[in-house]
Visitor: 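A single structure is presented below for examination.
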Amino acid sequence: MKTNVKPRPTIFMIFGGTGDLAARKLIPALFNLFLEKYMPKEFAIIGLGRTSYSDESFIKTLLEGVNKYSRSGKADKDKWKEFSSHISYLTSDVNDEKDYKKMSDFIEKCENEWSEPPVIIHYLAVDPKFFPIIASNLAKVKLADNTDRTRIVVEKPFGHDLASAKELNILLKSIFDETQIYRIDHYLGKETVQNMLAFRFANALFEPIWNRNYIEHVQISVTEDIGVEDRGGYYDGSGALRDMVQNHILQVLCLVAMEPPVNFDAEEIRNRKVDVLRAMRPFANEEIRFNTVRGQYGDGWVQGEKVEGYREETGVDPESNTETFAALKFFIDNWRWQNVPFYVRTGKRMHQKSSIISIQFKDVPHLIFPSQSSESWQQNRLIISIQPEMSIRLQVQAKRPGLDMTLNPVDMVFNYDGTYENDTPEAYETLLLDAMKGDQTLFMRGDQVETAWDLLMPVLENWESRKSISFPNYSSDSWGPETAEALIAKDGFHWFTLPIKKGEKK
Ligand code: NAD
């Protein structure tokens, strides 16, 4: 990982510059990097889109996005003026080769005028169907061949299944070197997710017990309280398995389960993560119904308001077979994790928005306390909360103050808010800075993406070939289908949730 490297002069070519991602995430992230002095002195941001805009009107729409979405709130007028003097807009159609000539003219001008040749980042914030044409056209105008300075950032989803991911990899790798390809999974840029590496490998305490001898099971739960909102059309062709499990959840699982890397190099860390995916036990067709659960939300009440079911959402097929909830039980066939179940679940319109990793340790070998003193006994648990609360909790048993010997679980808590004064950077800030520096640690490598697809293909094919007769099978504002509780309860466990604090919005 290139921790202290200063970014070189950089040009961001944002394909889809007028889109939602640019307004909501990319420009606020670049502006925050500028405010915190991470941007190089020489940089340019070029918004690309079909709609015709002047530079001024484009910048004005971006400012609205920053004011609305940036973690640092409304933009300071002078700072924005200084930052936005680096922004321009090029009306262009991704399909039109001539428009790429305009881009290369702009880049050539910067190359001639700047103090050193810039890094060029082609950021593909467009519909994935455009990824191949953009990559091919960049190659045609020779905007792809400088392996040291030219990079391409590819947004999710990377493929729709194993075959399409392979096809896209083959195309990209025929144009770019793997070291130029940055497949983004914004989850990996989140502070708490990155902290998994620090937590596991910068402390002597956990590694000796981080294995099948001490850990009973692991849970990764990523739940959203919202439905598909205005993304119904897109989501109906995707579903929870593709949207969350194939990328974010499996990436997090890799960080929990990976072997200690030899050093902090991007390739070393990515190799150890791929090892986990390769060791994951493939799903045999006859086991799928025992080890997986799918769900789709029905209507219900959320905070006193009636909400529609998934099949009534705009853009969704009224008889849709798409899952909005998925729960799976994985095993990792290696020495460290043999027979330790990894339960993962994700769903929309759930009772709570939260992303939690919960590691449950085995029970003490012998209980010395009388049964009445340990009624609320709880095995040790390590809970890493990614959002909304950013914390790490170690649940241990303690004696409740009093004259009786009564034991109850208490939390030793490391809470980001209480520990650090600085505002935590957004995932996109971390990832854009890494892309500028040429650090691929937190980006997915081609083989990683394909191995993750390979693992899930039997489940995807099984679910697609069998229409669910029970959909919708959970109501909005619930914890998902009852069968998801059964998936984990039959092994003697239950899904762990963090209680919502009083007065906190769900
Ligand atoms: P969007 O529909 O808001 O924007 C799409 C952009 O593509 C627009 O700027 C549009 O002008 C441009 N475009 C469409 N056809 C074009 C053409 N022929 N030539 C040139 N430009 C064209 O989409 P979005 O929400 O910004 O998403 C973009 C990508 O980012 C998608 O791959 C999406 O899956 C991914 N993504 C988005 C978000 C998000 O929060 N919006 C989050 C994660 C990933």
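Note that ligands are numbered from 1 as they come in the structure, with each ligand's atoms numbered from 1 the same way.
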Visitor: Measuring to protein heavy atoms, does anything land under 4.0 Å from atom 2 (O) of ligand 1?
Guide: no

Visitor: Using a 4.0 Å cut-off to any heavy atom of Ser92, which atoms of ligand 1 qualify?
Guide: 19 (N), 20 (C)

Visitor: Using a strict cut-off of 4.0 Å, indicate which atoms of ligand 1 neighbour a heavy atom of Thr18.
Guide: 8 (C), 9 (O), 10 (C), 11 (O)

Visitor: Scan side-chain atoms only and decide if Ser88 and Asp55 contain a donor-acceptor pair under the 3.5 Å cut-off.
Guide: no

Visitor: Would you verify whether the NZ or CZ of Arg349 falls within 45 degrees of the ring axis of Tyr474 while also being under 6.0 Å from that six-membered ring's centre?
Guide: no

Visitor: Would Lys25 count as a contact residue for ligand 1, given that I'm defining contact as a non-hydrogen atom of the residue lying under 4.0 Å from a ligand atom?
Guide: no

Visitor: Of all the atoms in ligand 1, which lie at a distance below 4.0 Å from a heavy atom belonging to Gly19?
Guide: 3 (O), 4 (O), 8 (C), 9 (O), 26 (O)

Visitor: Report yes if some heavy atom in the side chain of Leu328 is under 4.5 Å from a heavy atom in the side chain of Leu241; otherwise report no.
Guide: yes

Visitor: Assess the side chains of Asn169 and Glu450: does a donor N or O sit below 3.5 Å from an acceptor N or O?
Guide: yes

Visitor: Determine, using heavy atoms of Pro157 and all atoms of ligand 1, whether some pair is separated by less than 4.0 Å.
Guide: yes

Visitor: What protein heavy atom lies closest to atom 36 (N) of ligand 1? Include the residue and the distance to one decimal.
Guide: Glu155 OE1, 3.8 Å

Visitor: Considering non-hydrogen atoms of the protein only, which is the closest contact for atom 19 (N) of ligand 1, and what is the distance?
Guide: Val94 N, 2.9 Å

Visitor: Can you confirm whether Arg294 sits close enough to Asn321 that some side-chain heavy atom of one is under 4.5 Å from a side-chain heavy atom of the other?
Guide: yes

Visitor: Do Arg445 and Asn271 get their side chains close enough for a donor-acceptor pair, meaning under 3.5 Å?
Guide: yes

Visitor: When you compare the side chains of Tyr53 and Thr61, does any donor N or O come within less than 3.5 Å of an acceptor on the partner?
Guide: no

Visitor: Suppose I only count heavy atoms of Asn95 and a 4.0 Å limit; which atoms of ligand 1 are within that range?
Guide: 18 (N)

Visitor: Quick one: does Asp93 get within less than 4.0 Å of ligand 1, heavy atoms only?
Guide: yes

Visitor: Does even one non-hydrogen atom of Phe130 get within less than 4.0 Å of ligand 1?
Guide: yes

